[in-house]
Amino acid sequence: MTEIYLRLVDLILTPIIMLIAIMLFLRGHDLPGGGFIAGLVFAAAIELSILARGAEATRERYGPWLAPLIGVGLGVAVVAGLIGIYGGGFFRGMWVELYIGASKLKLGTPQLFDLGVMLVVIGMAITYLLRLSEAAEAATRTPTAGEGGQS
Amino acid sequence: MPLLALSLVTLFVAAPVFWLLKPHRSTAFAWLAAFLPAAITLWQALQLPAMANGAVLTERYSWAPRLGLEIALRLDGLAVFFGLVVTGIGAFIAFYTAHYFEHDDRQGFFYLLLYAFMGSMLGLVWSDDLLTLFVFWEGTSITSYLLIAFKSDYKGAVDGARRALIVTTAGGLAMLAGMIVLGLHAGSFNISTIVATPGIATAAVTPVALTLIFLGAFTKSAQFPFQFWLPGAMAAPTPASAYLHSATMVKAGVFLLARLHPAFSELSMWFWTLFLVGGVTMVLGGVSSIRYTDMKALLAYATVAILGTLVMLLAFSEKYAYEAFVVIVAAHALYKAPLFLGAGIIDHAYGTRDLRRLAGLARRAPLVMVTMVLAALSMAGVPPTMGFLAKELMLENFYQLYEHGDLLVGGVGFVAATLAALFMVGAILTLLWEAFFRRQSDEEAAHLHHAPSFWFVAPALLLTLLGAAGALLTGWYENLLFAPAIAAISGATVTVGFQLWHGWTPVFVASLIILALGALVFLARGVFRRLFASVPARVSSLAVYDAIIEQIYRFAFRLTVLIQGSPMAPQLSITLLAGVAVMVYALFFADAETSRLLDSLEVPSVVEWVFFALAIFGALTTVHARSRLSAIIAIGVVGVTVTLFFVVFGAPDLALTQLLIEVLTVILLVLVFFRVRPDPQFGRDNRTPLRVFMAFAMGFFGFAVVMINHLSQVGPSISPYFIENSLPFGKGANVVNVILVDFRGYDTMGEITVLGVAALGGYALLRSPQLHALRQRINAVRRSRIPAPGQKPEQKVVETGHD
């Protein structure tokens with residue numbers, strides 16, 4: 001059912017795309033990227049896996065991590081806002097600057113909030129992609145299949 | 001040290017930690033779980049001497065400074081009194097839970113909810129701001145919902161949870177409105193400020209505000225006619241029933257009334273509402289408790305009676321009423337929790353808590369028997385227990401009123417309290433006799449699965465002993481524990497000294513008569529049970545509630561069929577036509593300087609012309625597509641062209657987002673169309689005049705509105721502000737990202753919430769068998785309305801309608 005070439009592509013590309021997503025997230029505050037984009041890229045990586053392996057195998061592989069992502073993401077976002085209360089109001093940005101040798105590393109609640117955004121986006125996209133792919137797979141299994149598509 | 005906030009934060013942080021620990025053991029974990037609430041209890045107890053001297057601890061944090069919102073916490077006599085109940089009972093419950101969920105994987109999740117609830121409840125009683133209180137109030141409602149629905153594969157649990165949630169949050173919303181009215185009038189949401197505002201009781205808005213707040217308090221504290229959700233909540237695991245639905249959460253409404261008591265107790269509206277509602281609830285709960293053979297349901301109705309008693313006592317501004325109030329809260333927490341915990345132990349050991357299937361447990365579980373009998377003595381008000389003291393004080397209150405000439409209130413109150421009390425005596429005697437002492441059960445006897453360990457029973461036993469100590473040590477601690485609480489409720493400093501033995505007063509005689517009549521009720525329990533069974537089921541507020549909910553569902557169904565019963569295409573036409581109408585309206589009233597149109601006119605570059613051509617080509621291909629798949633891909637071309645525009649105009653973030661969304665949308669659409677029937681007619685007869693008109697109108701007016709909007713900019717643009725302040729304030733060079741997560745973080749918060757809810761909806765829609773059934777029902781209605789010969793009946797019918 002699944003193409004061997006696509007599986008090879010999945011084997012190589014999916015982890016790379018995930019890494020790109022993480023990179024896009026980390027640099028997002030200063031360079032193009034950020035939680036929303038990173039979340040979508042990450043979802044694309046999972047989608048590649050769905051196309052190559054099928055939805056069921058993907059769910060088995062990533063499911064336990066993906067199931068609670070929306071809730072965790074919203075929770076992280078709210079906590080990022082709540083930390084601001086310590087600094088004088090909900091959503092007040094709070095920053096810590098660390099120096100590792102000469103390079104400066106800054107960590108702040110907006111980035112934490114961005115992490116929450118990323119998790120929610122991943123969770124949302126994957127919920128739909130997995131659910132619909134599963135339904136599509138169920139449809140192709142019956143003899144009167146829908147039109148087109150490779151899966 | 002901000003110890004109040006720190007305590008709350010610790011509880012909320014501990015909640016997920018306990019979940020992640022994935023506990024399923026009992027012994028060591030029980031101590032660990034009880035540690036945190038015990039520590040907070042100890043800290044609060046250490047504050048008591050200061051509280052007795054009138055000290056208060058306050059902490060304030062700004063929440064949204066420009067809106068004047070703040071999180072205010074205040075530890076005074078009342079807060080510490082209720083706080084001790086919350087964390088004190090909480091420590092015992094946390095210990096007990098580890099044994100109740102022995103070797104159960106969901107133990108961790110239960111602890112998550114338990115701690116989250118504890119944090120919310122503690123925050124609620126420590127709040128000194130109406131809106132802070134409201135947030136914690138809703139926190140308790142939600143955790144209560146999740147705890148009731150904990151056994152989610154059991155329908156009764158889910159139904160009971162939903163009922164509890166709808167009733168308490170509906171009341172909560174009304175209360176929020178009342179709080180806002182009150183807060184706006186007083187000019188502050190700070191509770192101590194509002195209560196101290198002169199003339200607040202006689203203000204014109206007060207009746208409205210109070211009515212709304214009463215709704216919140218009465219729904220939360222299960223007052224008549226909202227009491228029905230509480231017995232339904234008994235589907236929760238027993239530790240949750242004992243903790244939330246007996247000792248703490250249901251007292252939140254009572255607590256709020258006690259908080260507001262100093263300001264409004266002089267109003268006759270306050271007196272009569274609380275007296276009547278509380279009195280009816282008390283009698284109803286007390287009398288109904290005899291009816292039930294489910295131990296937890298019996299105890300739940302007894303709890304309803306106690307909650308009614310507390311509300312009724314808050315109607316008065318009398319010394320004995322205050323004293324009775326605080327003693328009942330303490331006594332009830334110390335006897336009702338062990339009774340629930342005992343019922344849970346029996347349920348755990350025998351697999352049932354139905355009295356009809358139990359008998360003779362006294363020999364097989366002697367420690368449970370001792371615990372429950374000791375607790376029951378207090379509930380029945382047998383001297384010399386705390387329950388006895390509480391009942392004496394309450395009766396004394398009514399007797400004094402009667403003596404001083406208020407025959408109606410004193411007399412009615414006295415009789416009602418007696419009636420409720422004697423049925424509760426009968427009910428608890430029934431429970432003890434049938435479970436522990438009789439030889440033969442009514443129905444097939446339940447078998448012992450495994451005997452309860454000592455540590456399982458220990459928390460209940462210790463609580464009962466604390467209650468006994470509380471009674472025997474009267475005279476030692478009242479001014480430390482009770483006097484500050486009474487001072488906060490009454491608004492005046494007091495000293496209290498209770499005596500268990502008053503001599504042969506009329507009230508003492510009444511107590512003895514209650515016990516004697518209670519024993520008669522116990523002996524005649526069969527008669528009462530048959531009497532209750534003969535009452536038709538529709539004579540209950542539960543039936544009324546169910547009928548209302550049923551009507552709402554029907555209305556929603558009809559509305560859905562009306563609005564969304566027709567097929568997709570006509571629905572879309574309505575949306576698009578409405579959009580065109582709005583845009584035409586906007587253009588008529590636009591105030592654009594057309595001269596700027598010429599100023600900003602630019603000739604597009606060659607590259608841009610190419611992009612335009614690509615987009616138009618994609619759009620035309622979509623229209624001409626002969627299969628869905630090619631249409632989807634052609635739409636994708638249009639989207640990618642838009643991405644190219646973003647690239648040219650230097651918006652890499654937008655370009656990236658747009659590109660990704662395009663790709664994922666195409667994949668999603670392909671997946672969706674797997675599920676839809678193949679459409680052989682696709683691309684043939686869909687260019688009706690109406691659709692062509694709509695497409696042109698949408699395109700033309702959309703373009704015009706964007707153009708005019710661009711031209712009629714009023715005031716300075718905000719963009720320079722963002723660009724200038726992104727690095728200094730937002731500490732980020734990527735302005736788009738800083739706007740998203742910092743400058744406009746609230747917007748993003750709302751957006752991701754919508755995303756999350758949409759995902760949940762999609763998850764349910766794509767799987768739920770109930771929704772599948774609903775869709776079939778709607779389809780059936782649709783078919784019955786539309787005469788359906790031919791291949792695509794829906795489209796033809798609707799289009800002739802428009803043409």
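Chain naming here is simple, since letters A, B, ... match the order of the sequence lines and numbering starts at 1 in each. Every heavy atom of this structure was used, including side-chain atoms; hydrogens, water molecules and symmetry mates were not.
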If you define the side chain from C-beta out and look only at heavy atoms, does anything of [X] sit under 4.5 Å from [Y]?
X	Y	answer
B:Met749	A:Val78	yes
B:Asn734	A:Arg27	no
A:Leu31	B:Asn737	no
A:Phe36	B:Val741	no

Chain A heavy atoms under 4.5 Å from [X]: which part of the residue, side chain, backbone, both or neither?
X	answer
B:Val736	neither
B:Ile667	side chain
B:Tyr746	both

Next on the checklist: Let's test your reading of the structure: which of A:Val120, A:Ile70, A:Ile37, A:Thr127 forms the most heavy-atom pairs below 4.5 Å with chain B?
Outcome noted: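 The candidate making the most pairs under 4.5 Å is A:Ile37.
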Checklist outcome for this item: Ranking A:Leu69, A:Leu129, A:Thr109, A:Ile126 by heavy-atom pairs under 4.5 Å to chain B gives rank one to A:Leu129
Item to check | Candidates B:Leu740, B:Thr748, B:Asp742 - the one meeting side-chain contact (heavy atoms from CB on, under 4.5 Å) with A:Phe113 | outcome: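 Exactly one option meets the side-chain contact (heavy atoms from CB on, under 4.5 Å) with A:Phe113, and it is B:Thr748.
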Write down the atom of [X], the atom of [Y], and the distance for their closest heavy-atom approach.
X	Y	result
A:His29	B:Lys731	CD2-O, 3.3 Å
B:Ile752	A:Ala77	CD1-CB, 3.8 Å
A:Ala44	B:Leu664	CA-CD2, 4.2 Å

Next on the checklist: Please report the interatomic distance OH(B:Tyr61) to OH(A:Tyr86), rounded to the nearest 0.5 Å.
Outcome noted: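 Separation between the atoms: 9.0 Å.
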Checklist entry - If you count heavy-atom pairs under 4.5 Å with chain A, which of B:Leu727, B:Thr657, B:Ile71, B:Leu69 comes out on top? => result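 If we count pairs closer than 4.5 Å to chain A, B:Thr657 comes out on top.
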Which bit of [X] is near chain B, if near means a heavy-atom gap under 4.5 Å: side chain, backbone, both or neither?
X	value
A:Val79	neither
A:Val117	both
A:Ser133	both

Next on the checklist: Is it the case that over 12 heavy atoms from other parts of the model lie below 6.0 angstrom from the CZ atom of B:Arg106?
Outcome noted: yes
